[in-house]
Amino acid sequence: MQVPFLDLRRAGPELDTALTAAFERVLKSGRYIMGPEVDAFEAKCAAFIGVKHAIGVSSGTDALLAVLMALEIGPGDEVIVPTYTFFATAGVVWRLGATPIFVDVDPRDFNVTAKNIAAALTERTKAIVPVHLFGQCADISAIEAVAGGIPVIEDAAQAIGSELRGTMAGALGLAGCFSFFPAKNLGALGDAGLITTNDDALAERIRRLRAHGSKPKYHHAIVGGNFRIDALQAALLNVKLDRLHEATERRRANARFYGEALTPYAGLAPTESADRRHVYNQYVIQTGERDRVQAHLRDRGVATAVYYPRPLHQQPCFASLEPGPLPVSERLARETLALPIFPELTSAERSHVAQVLREALGAPA
Ligand SMILES: *Cc1c(COP(=O)(O)O)cnc(C)c1O
């Protein structure tokens with residue numbers, strides 16, 4: 001049996017029909033930038049996440065960039081970020097001329113801890129960007145408790161619908177940044193992103209930055225960029241947002257299945273904290289024999305992926321910062337492996353994955 005890591009074409013004819021209708025509506029409207037489709041998507045996202053403001057943008061990367069620009073982060077400033085994350089979290093800091101300060105993560109839930117952040121704070125720290133990695137919230141309340149008023153910006157790119165103590169990702173910090181890259185839990189048919197906040201002044205500033213900082217048109221008191229979401233992507237995402245809850249429940253069911261199958265292997269399966277709702281953008285196991293296990297799965301038809309093979313503090317582009325060592329993340333980069341978890345995975349496929357994985361691991365210790 002061949003099991004793909006992710007298959008975006010499986011969502012089926014019902015979704016295709018609804019997406020095609022949305023496409024035709026936008027096509028015939030002649031309105032391709034901003035307008036009612038964007039307004040409707042933003043309103044629906046704000047209600048879903050439980051925030052005052054939801055601002056559609058061009059990508060998850062641009063969401064992070066625009067928020068840091070709104071906070072006037074620049075040369076001489078430090079921004080604390082996890083080293084074990086996707087590149088964009090730190091890339092945007094560097095692009096603004098500020099310094100990413102890399103911190104290590106918790107070995108069980110892969111997220112930055114308040115303790116590690118507290119140790120990295122200096123008088124130059126201007127923002128903290130925890131990542132809700134793989135779809136489980138970092139403990140934003142604990143991080144805010146040590147932050148002493150420094151803005152905490154959630155990188156919620158992998159975590160739409162995820163919760164910490166009943167509050168959704170994106171409603172926890174000063175602002176939340178989401179990605180609708182196709183492989184994320186809510187995926188566009190291209191690039192798109194979202195910023196959430198309850199802060200009126202910040203929202204106003206971000207909306208202005210989204211269109212070159214202009215207000216009114218052709219008057220620029222600040223410099224922004226083109227960070228707009230396409231009306232077409234907003235219309236398509238509107239359709240998919242209606243189906244997100246069900247898709248997330250299927251991811252969670254797949255995770256429960258793997259969790260039960262892997263119970264005998266202590267420390268292998270990812271954990272869900274009792275006070276969170278994990279949305280499993282990725283299902284990431286850890287094993288000291290990662291490369292051998294991955295090769296065995298590949299030979300038996302199961303596609304997997306490694307997130308992330310190299311922590312950011314070890315990326316050549318950041319060598320001048322002389323960061324590290326950050327031992328937990330360095331070990332995770334060698335030992336983590338993501339299994340297929342997408343909502344349309346069949347029960348035969350996930351059984352095959354679990355069986356082949358047990359074969360690779362041998363009898364539990
Ligand atoms: C995907 C992702 C981003 C970037 O989102 P894009 O929409 O691809 O620009 C940022 N941070 C994290 C943690 C991500 O997973």
Side-chain angles (χ1 to χ4, degrees), residues 42 45-57 59-74 77-82 85-86 88-93 95-96 98-101 103 111-114 116-118 120-133 136-179 193-210 213 222 224-225 227 276:
E42 291 181 342
C45 284
F48 174 72
I49 293 164
V51 286
K52 273 174 85 176
H53 306 281
I55 304 161
V57 292
S59 69
T61 304
D62 286 346
L64 291 162
L65 184 65
V67 171
L68 295 186
M69 286 173 75
L71 296 174
E72 298 185 86
I73 305 282
D77 296 338
E78 294 179 353
V79 178
I80 297 176
V81 296
T85 176
F86 179 64
T89 317
V92 294
V93 176
R95 284 167 62 190
L96 292 172
T99 306
I101 303 296
V103 297
N111 280 327
V112 278
T113 60
N116 290 348
I117 287 170
L121 288 165
T122 75
E123 69 272 19
R124 289 184 299 281
T125 310
K126 288 289 152 43
I128 301 164
V129 189
V131 179
H132 303 315
L133 204 70
Q136 176 159 241
C137 286
D139 193 343
I140 300 298
S141 335
I143 291 167
E144 285 194 324
V146 301
I150 293 164
V152 176
I153 308 303
E154 302 167 64
D155 182 338
Q158 304 179 2
I160 190 158
S162 180
E163 291 173 21
L164 171 67
R165 294 174 208 112
T167 301
M168 264 196 202
L172 295 161
L174 174 65
C177 299
F178 293 87
S179 166
L194 186 84
I195 299 165
T196 53
T197 184
N198 285 312
D199 186 305
D200 297 339
L202 184 66
E204 156 70 20
R205 199 171 165 84
I206 290 166
R207 286 186 188 279
R208 194 185 289 202
L209 287 167
R210 176 168 66 174
I222 53 174
F227 303 138
R276 320 229 171 151

| note | Heavy-atom nearest pair, Val112 first then Val131, reads CG2-N, 4.5 Å

| field | Distance-minimising heavy-atom pair for Ala120 and Val103 | value | CB-CG1, 3.5 Å

| task | Report the residues that fulfil side-chain contact (heavy atoms from CB on, under 4.5 Å) with Ala142, sequence neighbours left out, ordered by chain and then residue number. | result | Ala114, Asp139

| request: To the nearest 0.5 Å, tell me how far Glu163 CD sits from His132 NE2. | output: 11.5 Å

| Any Pro130 side-chain heavy atom under 4.5 Å of Ile140 side chain | yes

| request: Starting at CZ of Arg208, measure out to CD1 of Ile222 and round the result to the nearest 0.5 Å. | output: 5.5 Å

| task | Scan residues 45-56 for pairs that pass side-chain hydrogen bond (donor to acceptor under 3.5 Å, both in side chains), counting only residues two or more places apart or in two chains. | result | Lys52-Asp200, His53-Asp200

| Close side-chain approach of Ile49 to Phe178, heavy-atom, < 4.5 Å | yes

| field | Heavy-atom closest contact (Leu71 atom, Ala127 atom, distance) | value | CD1-CB, 4.5 Å

| message | Taking side-chain hydrogen bond (donor to acceptor under 3.5 Å, both in side chains) as the definition, give me every residue that meets it alongside Ser141, ordered by chain and number, with sequence neighbours left out. | response | Arg165

| note | d(Leu96 CG, Lys126 NZ) to nearest 0.5 Å is 13.0 Å

| said: Using side-chain heavy atoms (C-beta onward) and a distance below 4.5 Å, is Glu42 in contact with Arg207? | reply: yes

| field | Non-hydrogen side-chain atoms of Pro82 and Leu133 separated by less than 4.5 Å | value | no

| Qualifying salt bridge (Lys or Arg N to Asp or Glu O under 4.0 Å) pairs with a residue from residues 142-161, counting only residues at least two apart or across chains | none

| Between Arg205 (side chain) and Met69 (backbone), is there a donor-acceptor pair under 3.5 Å? | no

| field | Side chain Thr196, main chain Val51, donor-acceptor under 3.5 Å | value | no

| field | Side chains of Val152 and Leu174 in contact at under 4.5 Å (non-hydrogen atoms) | value | no

| said: Between Ile73 and Val79, is there a side-chain heavy-atom distance shorter than 4.5 Å? | reply: yes

| note | Here the side-chain hydrogen bond (donor to acceptor under 3.5 Å, both in side chains) pairs for residues 62-73, sequence neighbours left out, are Ser58-Asp62

| Distance, nearest 0.5 Å, that separates CG of Leu202 from CD1 of Ile153 | 7.0 Å

| note | Correct closest heavy-atom pair for Gly50 and Asn198 would be O-OD1, 4.5 Å

| task | Answer yes or no: is there a side-chain heavy-atom contact under 4.5 Å between Ile160 and Phe48? | result | yes

| request: Using the test side-chain hydrogen bond (donor to acceptor under 3.5 Å, both in side chains), find all partners of Gln136 that sit at least two apart in sequence or belong to another chain. | output: none

| query | Can you name the closest pair of heavy atoms from Ala90 and Val81 and give their distance? | reply | CB-CG2, 4.2 Å

| Roughly how far, to the nearest 0.5 Å, is CD1 of Ile143 from CG of Asn111? | 8.0 Å

| query | Nearest 0.5 Å, what's the CZ-CD1 distance between Arg124 and Ile101? | reply | 7.5 Å

| task | Mind listing the closest non-hydrogen atom pair of Asp199 and Thr197 along with its distance? | result | N-OG1, 3.0 Å

| field | Close side-chain approach of Ile128 to Leu121, heavy-atom, < 4.5 Å | value | yes

